[in-house]
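Here the structure is laid out as structure tokens; the discussion comes afterwards.
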Amino acid sequence: QLPLVESGGGLVQPGGSLRLSCAASGGALDYGAAGWFRQAPGKEREGIACISSSDGSTSYADSVKGRFTTSRDNARKTVYLQMNSLKPEDTAVYYCAADYDYYCSGYAPRVEDFTSWGQGTQVTVSS
């Protein structure tokens with residue numbers, strides 16, 4: 001059983017919105033931070049947002065800043081990624097990840113800093 005499960009992906013028109021959810025089956029989101037990543041075909045996986053468990057601090061990549069917002073519901077063991085003003089270049093498989101030792105301190109998260117991963121959910125932005 002994967003420690004994290006993403007949902008909420010789909011097909012949306014440019015300018016539209018989607019909200020992704022990432023639910024933990026165990027305690028993967030209880031400490032440290034959760035990160036959001038995406039991987040487009042032929043490209044490397046990139047970190048786009050993260051949120052810390054302790055104080056809710058967030059960080060975003062420049063490519064999504066002002067359009068995407070991450071939040072968390074600790075009681076539900078779930079983190080969210082609200083995506084607005086979507087563009088075709090946002091098309092990718094989106095992953096959430098968690099790590100007990102990470103703290104979001106103003107920089108986009110890095111793949112190598114996270115140890116627990118979900119299976120990903122496809123987001124396609126197209127007219």
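To the nearest 0.5 Å, atom CD1 of residue I48 and atom OG of residue S59 are 12.5 Å apart. Atoms CZ and CZ, on F37 and R110 in that order, are 10.0 Å from each other to the nearest 0.5 Å. From L29, atom CG reaches atom CD1 of I51 across 10.0 Å, with rounding to the nearest 0.5 Å. Rounded to the nearest 0.5 angstrom, S53 OG and Y31 OH are separated by 8.5 Å. Between the CE atom of M83 and the OH atom of Y94 there is a distance of 5.5 Å, given to the nearest 0.5 Å. Here L11 contributes atom CG and L18 contributes atom CG; the two are 8.5 Å apart, rounded to the nearest 0.5 Å.
No side-chain heavy atom of V123 sits less than 4.5 Å from a side-chain heavy atom of R38. Two residues are said to be in side-chain contact when any heavy atoms from C-beta on lie closer than 4.5 Å; S71 and Q82 fail this criterion.
Hydrophobic side-chain contacts under 4.5 Å tie Y80 to no other Ile, Leu, Val, Met, Phe, Trp or Tyr residue.
Contact record, T70 with Y60: N-OH, 2.9 Å, taken as the closest heavy-atom pair. Residues R76 and T78 share a closest heavy-atom pair of O-OG1, 2.9 Å. A pairwise comparison of heavy atoms in P14 and S126 identifies CD-C, 3.6 Å as the closest pair. Smallest separation of non-hydrogen atoms from S85 and R67: O-NH1, 3.0 Å. The two residues D55 and Y103 make their nearest non-hydrogen contact at OD2-OH, 2.6 Å. When all heavy atoms of A92 and A40 are compared, the closest pair comes out as CB-N, 3.8 Å.
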*Run the numbers on D99 and T115 for side-chain hydrogen bond (donor to acceptor under 3.5 Å, both in side chains), then give the verdict.*
CA-CA 6 Å; D99 191 87; T115 53; 3.1 Å; yes

*Q119/V5 under side chain to side chain contact (heavy atoms under 4.5 Å, CB included): CA gap, chis, key distance, verdict*: CA-CA 7 Å; Q119 84 289 352; V5 178; 4.1 Å; yes

*side chain to side chain contact (heavy atoms under 4.5 Å, CB included) between T58 and C104: does it pass, once the steps are laid out?*
CA-CA 6 Å; T58 57; C104 301; 5.8 Å; no

*Apply side chain to side chain contact (heavy atoms under 4.5 Å, CB included) to T91 and Q122, showing your working.*
CA-CA 8 Å; T91 295; Q122 176 71 46; 4.0 Å; yes

*Would you check, one step at a time, whether the test side chain to side chain contact (heavy atoms under 4.5 Å, CB included) holds for S25 with K77?*
CA-CA 8 Å; S25 59; K77 294 183 180 293; over 6 Å; no

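Follow the hydrophobic side-chain contacts under 4.5 Å out from L4 and you reach L20 in the same cluster.
A salt bridge does not link D90 to K87: none of the charged nitrogens lies less than 4.0 Å from a carboxylate oxygen.
Ring orientation note: the planes of Y102 and F114 are tilted relative to one another, at an angle of 30° to 60°.
Within a 6.0 Å radius of CD in E44, other residues, nucleotides and ligands contribute 12 heavy atoms or fewer.
Proximity of a side-chain donor or acceptor of T121 to a complementary backbone N or O of G9 within less than 3.5 Å is detected.
Geometrically, R45 engages Y95 in a cation-pi contact, judged by NZ or CZ lying under 6.0 Å from the ring centre and within 45° of the ring axis.
For N74, the side-chain hydrogen bond (donor to acceptor under 3.5 Å, both in side chains) partners two or more places apart in sequence, or in a different chain, are R72.
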